[in-house]
Amino acid sequence: MNHELLLGWWDTAARDLPWRRPSCTAWGVLISEIMLQQTPVSRVEPIWHEWLARWPVPSAMAASSQGEVLRMWGKLGYPRRAMRLHEAATVIARDFDDVVPSDIETLESLPGIGSYTARAVATFAYGQKCAVVDTNVRRVVARAVHGAGDAGPPSTKRDLRDVEAILPSSQEDAAVFSAALMELGALICTARNQKCADCPLFAECAWQLAGRPAYAGPEKKVQKFAGTDRQVRGRLLDVLRGAPGPVPKLQLDVVWNDITQREKCLVSLLDDGLVEQTRDGLFALPGEH
DNA sequence: AATACGTGGGG
DNA sequence: TCCCCAAGTAT
């Protein structure tokens, strides 16, 4: 891997995203990483600004209710992420003196923070030298290094080894390199319609050299959405987000016809702590009654 | 290892 | 319209 080519490309092509600015705190980086899980940059950016203005430090968020956080999360999707971040903020405020931890192990012990996010925070917020493996990186490595059309199923250990093998030796370059690898996957080496003509690695890309063979791995399953519990849960929660306070059950019942599924989803939301029931039988976002 | 978990934009 | 996909995590 020619690091210079990638780093040079980063200098001219990287997007100016707010969580990449030197002034951005580790807390800001953490929020961005959670929001960006399975969610496009374009939808995250405006919400991220609102969050940083409202909750500049973890303790500020910890002082807000979960319902408040869910409202601010809006329609970013997977609202359990917001709940877990609120939980993480509470732990950080209480146990870590309001400072986002910098070591991977501690980060991974926090709710909602897994291998990727822990490494991303350690790298992008604290400049540590460690491999950061997300879907973009896996795809770039699959092509540029292995000459495959796309990444196969994730294999935590192997994926980590693959990236560690191409990480620059200097700590100074490692963080930028990881960011650049991700950026390349997001802008150039995309899942569909790759822009190989603009790729800084074109000349050394194993996939190009192999004649761009088609993906040969196991078929990828695309998740259905229409008709699933996810859709029903989303609609139920949307009612509560749109209401100023607790709502009667009837207001939830109208969002889905299948009674059995609707009830099941409401129960699961209650189980997940995303919804609460008031003493008088109304339904509300957690902490908002 | 496979599956559940939201939402919306682009081809 | 429908299908794919977008900086994953928890179980």
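Every chain is numbered from 1 and lettered A, B, ... according to where its sequence line falls, protein lines coming before strand lines.
Taking the C1' atoms as reference points, dG8(C) lies 22 Å from dG10(B), given to the whole Å. Straight-line distance between the C1' atoms of dA2(B) and dA7(C): roughly 22 Å, to the nearest whole Å. The C1' atoms of dG6(B) and dC5(C) are separated by 13 Å, rounded to the nearest whole Å. A distance of about 15 Å separates the C1' atoms of dT9(C) and dA1(B), rounded to the whole Å.
Among Phe124(A), Trp27(A), Trp48(A), Trp51(A), the single residue meeting the ring pair (Phe, Tyr, Trp, His ring centres under 6.0 Å) criterion with Trp19(A) is Trp48(A).
Among the nucleotides dG11(B), dC5(B), dA6(C), the one closest to any side-chain atom of Pro40(A) is dA6(C). Taking every side-chain heavy atom of Arg230(A) into account, dC5(B) is the closest of dG10(B), dG8(C), dC5(B). Closest approach to the Arg43(A) side chain among dA7(C), dA4(B), dT7(B) is made by dT7(B) (side chain taken as heavy atoms from C-beta onward). Of all nucleotides listed (dG6(B), dA7(C), dT7(B)), dG6(B) comes nearest to the side chain of Thr39(A). Here the side chain of Arg84(A) is nearest to one of dA7(C), dA10(C), dG6(B), namely dA10(C). Closest to the Leu36(A) side chain, of the nucleotides dC5(B), dC4(C), dA7(C), is dA7(C). Distance from the side chain of Arg233(A) is smallest for dG6(B) among the nucleotides dC4(C), dG6(B), dA7(C). Residue Pro79(A) places its side chain closer to dG6(B) than to any other of dG6(B), dA7(C), dC5(B). Ranking dG8(C), dC5(C), dA7(C) by closeness to the Gln38(A) side chain, first place goes to dG8(C).
As a whole-Å value, the separation of Lys75(A) NZ from dG6(B) P is 13 Å. In this structure, CG of Leu110(A) is placed 16 Å from C1' of dG8(C), rounded to the nearest angstrom. For the pair Arg235(A) CZ and dC5(B) P, the computed distance is 16 Å after rounding to whole Å.
Ion pairing of Asp258(A) with Arg262(A) is absent here, as no side-chain N (NZ or NE/NH1/NH2) approaches a carboxylate O to less than 4.0 Å.
Using a 4.0 Å heavy-atom distance criterion, Ala191(A) is classed as a sugar-phosphate-only contact. Across all strands, Thr135(A) comes closer than 4.0 Å only to sugar-phosphate atoms, never to a base (heavy-atom distances). At the heavy-atom level, Arg15(A) lies under 4.0 Å from base atoms of the strands shown. As judged by a 4.0 angstrom heavy-atom cut-off over every strand, Leu76(A) is placed among the base-contacting residues. Counting non-hydrogen atoms under 4.0 angstrom, Gln223(A) reaches a base of the nucleic acid. Among the heavy atoms of the strands, none lies under 4.0 Å from Asp272(A). At the heavy-atom level, Arg20(A) lies under 4.0 Å from base atoms of the strands shown. Note on Leu236(A): nothing from the nucleic acid sits closer than 4.0 angstrom, heavy atoms only. The residue Gly114(A) sits close only to the backbone: its heavy atoms come under 4.0 Å of sugar-phosphate atoms, none of a base. As judged by a 4.0 angstrom heavy-atom cut-off over every strand, Lys220(A) is placed among residues making no nucleic acid contact. When heavy atoms are screened at a 4.0 angstrom cut-off, Ser115(A) is found touching the sugar-phosphate backbone but no base atom. Using a 4.0 Å heavy-atom distance criterion, Pro153(A) is classed as making no nucleic acid contact.
For Arg192(A) and Tyr78(A), each mapped to the nucleotide of DNA chain C holding its nearest heavy atom, the one lying further toward the 5' end belongs to Arg192(A). Take the nearest nucleotide of DNA chain C for Ile113(A) and for Ala186(A): the residue whose nucleotide is more 5' is Ala186(A). Where Thr228(A) and Pro154(A) each meet DNA chain B at their nearest nucleotide, the meeting point lying more 5' is that of Pro154(A).
Note: Thr190(A) OG1 to Arg139(A) CZ = 6.5 Å, rounded to the nearest 0.5 Å. Annotation: the span from Glu276(A) atom CD to Leu269(A) atom CG amounts to 12.0 Å, rounded to 0.5 Å. Distance check: Ile188(A) CD1 to Phe202(A) CZ gives 12.5 Å after rounding to the nearest 0.5 Å. Gln231(A) CD to Leu236(A) CG: the interatomic distance, rounded to the nearest 0.5 Å, is 10.5 Å. Within the model, atoms CE of Met182(A) and CG of Asp134(A) stand 4.0 Å from one another, a figure rounded to the nearest 0.5 Å.
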